[in-house]
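For the numbers below, each heavy atom of this structure counts, side chains included, while hydrogens, waters and symmetry mates do not. As the structure lists them, so they are numbered: ligands from 1, and atoms in each ligand from 1.
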Amino acid sequence: MKQSQLLIPTLREAPADAEAVSHKLMLRAGLIRQLASGVYTYLPFGFRVLKKVQEIVREEMDRAGAQELLMPAMQPAELWRESGRYDVYGPELIRLKDRHDREFALGPTHEEVITSLVAGEVNSYRQLPMTLYQIQTKYRDERRPRFGLLRGREFLMKDAYSFGRSWEELDETYRAMYEAYTRIFTRVGLNFRAVQADAGAIGGEGETHEFMALADIGEDTIVVSENGTYAANLEKAEMFWERPAVSNAEIPAMTRVHTPGAHTIEQLCEFFGCEASVFVKTILYRVDGQAVAVAVRGDREVNETKVLNALGGEIIELADGADVERLTGAAVGFAGPAGLNGAKLLIDREVQAMESAIAGANETDFHVENAKPGRDFEADLVGDYRNAAEGDLSPDGSGALKFYRGIEVGHVFKLGTKYSEKLGADYLDEEGRRRTAIMGCYGIGISRILSAVVEQHYDENGIVWPEEIAPAAVHIIPASAKDEAQMKLAVELYERFRAAGIEALLDDRDERAGVKFKDADLLGLPYRIVVGREAGEGRVEFKSRSASDKETMTADQAFERIVK
Ligand code: ATP
Ligand code: MG
């Protein structure tokens with residue numbers, strides 16, 4: 001590849017609206033260009049990386065016994081109605097109509113299509129288990145597309161779906177996929193962790209793990225124990241808990257306290273002169289339309305996923321201001337568990353174990369002191385409804401919990417029969433009985449991987465590609481394209497690499513050496529050979545992108561070094 005002929009439009013400065021390091025670098029290195037918000041073109045060098053990631057994914061999927069196919073992006077709404085998702089999917093689903101007014105959706109995922117396909121084509125237990133996958137463009141009208149390829153509205157995903165005859169068979173496939181994912185993310189050069197996630201209402205009785213690339217820009221919080229044996233995302237994370245010993249102290253009667261202007265926990269701490277942990281914070285929600293109040297300690301955060309799971313609900317949303325006023329009879333900010341009527345009351349187990357608390361009085365500008373659980377308020381449910389916090393002890397006894405930020409690059413999920421039941425994916429077993437296939441689904445954000453890798457591999461001068469997915473292995477740079485000896489040696493080397501099947505990029509542009517070096521740093525190919533003043537003696541300068549020191553050696557030695 002000769003740089004003079006390639007479309008690699010590098011930029012000195014990143015556009016002002018690019019926030020993430022990876023987004024800036026990928027624009028500056030001429031790998032991607034935005035067409036619309038969350039919609040990108042992969043330029044030749046970006047596309048090379050994308051293809052390498054795809055190849056790794058294909059190799060590992062095929063090795064794990066999955067078969068590749070390709071499904072359409074355009075999906076009839078009818079199919080989505082059959083699964084029951086057409087109406088609940090919400091505005092992320094891009095909907096359109098054809099000339100006959102028939103409704104379609106652009107696939108954000110393919111459970112419906114694959115399940116109906118298998119329903120039609122697979123009939124016998126002999127054909128199972130079967131795992132099918134594709135690498136295909138997905139469409140999701142994300143609320144906040146951002147950070148370049150990290151959260152796109154049109155993006156490339158690998159999605160796999162398994163169909164088996166029993167939960168044991170699903171366990172095996174799940175394990176195989178989990179291992180394939182571990183190899184894939186290792187090979188693309190990511191520092192990642194597999195974390196337990198919540199199966200929630202999306203379906204399935206099953207286990208689910210997310211593969212998280214560690215990066216500060218990540219939108220997910222992951223919770224890992226000191227020795228690393230416990231890892232979960234924040235929605236799922238549990239903590240060790242022991243009920244504190246009960247003292248027999250007499251708690252005085254609950255009293256109202258006038259607290260004008262104090263409604264946040266900080267303001268209350270100041271007003272009462274005590275720690276956040278002596279307060280109870282009461283948050284009002286609507287869960288599938290029903291009013292629900294959740295009380296956690298003042299220094300804790302409600303975990304909405306745990307609340308939803310405790311209630312077996314599907315949709316949880318914060319109650320709006322008017323709702324809060326109606327339920328508490330007070331302005332927003334004064335809700336409390338005592339005397340709250342008309343809402344189901346969920347009390348976090350830590351609150352239930354408090355001897356007394358300061359809480360909202362359900363009266364504007366008032367709080368109550370000495371509110372005692374069981375005496376002054378009664379829970380409908382008691383349980384763990386809070387987020388884990390740093391320093392909590394791991395539920396498996398493996399030390400204190402620490403938080404990290406992560407980018408979700410992959411997701412494996414035991415679906416069970418949610419789709420196969422609705423869409424009729426069944427088969428005849430050995431005895432000729434009709435049985436429902438048991439499914440798993442497994443996604444990888446192919447395009448998101450590019451951003452995640454760059455987020456982990458860069459320095460102040462540009463990208464530092466891991467070898468397996470670099471757009472090319474070696475960058476050959478004649479310091480001056482006008483110097484005959486330099487160009488001759490550079491071209492010779494370039495041809496040798498080509499003959500050896502090693503991808504080389506020759507910077508044959510008539511540019512100043514400084515400009516070429518800057519671009520080379522930005523592009524981040526793993527090895528660089530500069531052909532300069534000593535070209536006449538057959539000597540070049542060799543440098544790897546990740547190291548700072550250069551070595552002078554013969555062209556032969558440089559060639560051998562890279563071949564090795
Ligand atoms: P997120 O929580 O980031 O929105 P998700 O749970 O919606 O992800 P899945 O439906 O499990 O994601 O999709 C499988 C994989 O596709 C994800 O693990 C992620 O790597 C990738 N992915 C999801 N949404 C996007 C997006 N908008 N842009 C790029 N990649 C995405
Ligand atoms: Mg999403």
(message) Which residue is it: Glu142, Glu408, Glu92? I am looking for the one with a salt bridge (charged side-chain N to carboxylate O under 4.0 Å, His left out) to Arg151.
(response) Glu142
(message) Is the contact between Asp220 and ligand 1 made by the side chain, the backbone, both, or neither, using heavy atoms and a 4.0 Å cut-off?
(response) neither
(request) Have a look at Arg153, Arg143, Arg151, Glu219 and point out the one with the heavy atom closest to atom 1 (P) of ligand 1. (result) Arg151
(message) If the cut-off is 4.0 Å to any non-hydrogen atom of Leu149, which atoms of ligand 1 fall inside it?
(response) 29 (C)
(request) Show your working on salt bridge (Lys or Arg N to Asp or Glu O under 4.0 Å) between Asp220 and Arg405 and close with a plain yes or no. (result) CA-CA 6 Å; Asp220 294 282; Arg405 303 296 290 175; over 6 Å; no
(request) State, to 0.1 Å, how close His110 and Tyr161 come at their nearest heavy-atom pair, and which atoms those are. (result) N-OH, 3.0 Å
(message) Considering Arg448, Arg144, Arg140, Glu92 one by one, which has a heavy atom nearer to atom 9 (P) of ligand 1 than any of the others?
(response) Arg140
(request) Distance to 0.1 Å, residue and atom name: give those for the protein heavy atom nearest to atom 22 (N) of ligand 1. (result) Phe155 CE1, 3.5 Å
(request) Measure the distance from atom 21 (C) of ligand 1 to every protein heavy atom, then report the residue, atom name and distance (to 0.1 Å) of the closest one. (result) Gly445 CA, 3.6 Å
(request) Please write down residue, atom name and distance for the protein heavy atom closest to atom 18 (O) of ligand 1. (result) Glu408 OE2, 2.7 Å
(message) Is there a polar contact between ligand 1 and Gly152, counting only N or O atoms under 3.5 Å apart?
(response) yes
(request) Flag this pair as yes if the NZ/CZ of Arg175 is under 6.0 angstrom from the six-membered ring centre of Tyr178 and inside a 45 degree cone about the axis; otherwise no. (result) yes
(request) Please determine, by modelled atom types, if Ser398 and Ser225 share a side-chain donor-acceptor pair under 3.5 angstrom. (result) yes
(request) Around atom 16 (O) of ligand 1, find the nearest protein heavy atom and jot down its residue, atom name and distance. (result) Met157 CE, 3.6 Å
(request) May I ask you to identify, for Thr109, whether its side chain, its backbone, both or neither come under 4.0 Å of ligand 1 on a heavy-atom basis? (result) neither
(message) Checking side chain to side chain donor-acceptor pair (under 3.5 Å) between Tyr174 and each of Glu169, His209, Glu207, which is the one that passes?
(response) His209
(request) Of all the heavy-atom pairs spanning Ala29 and Ile463, show the shortest one and how long it is. (result) CB-CD1, 4.0 Å
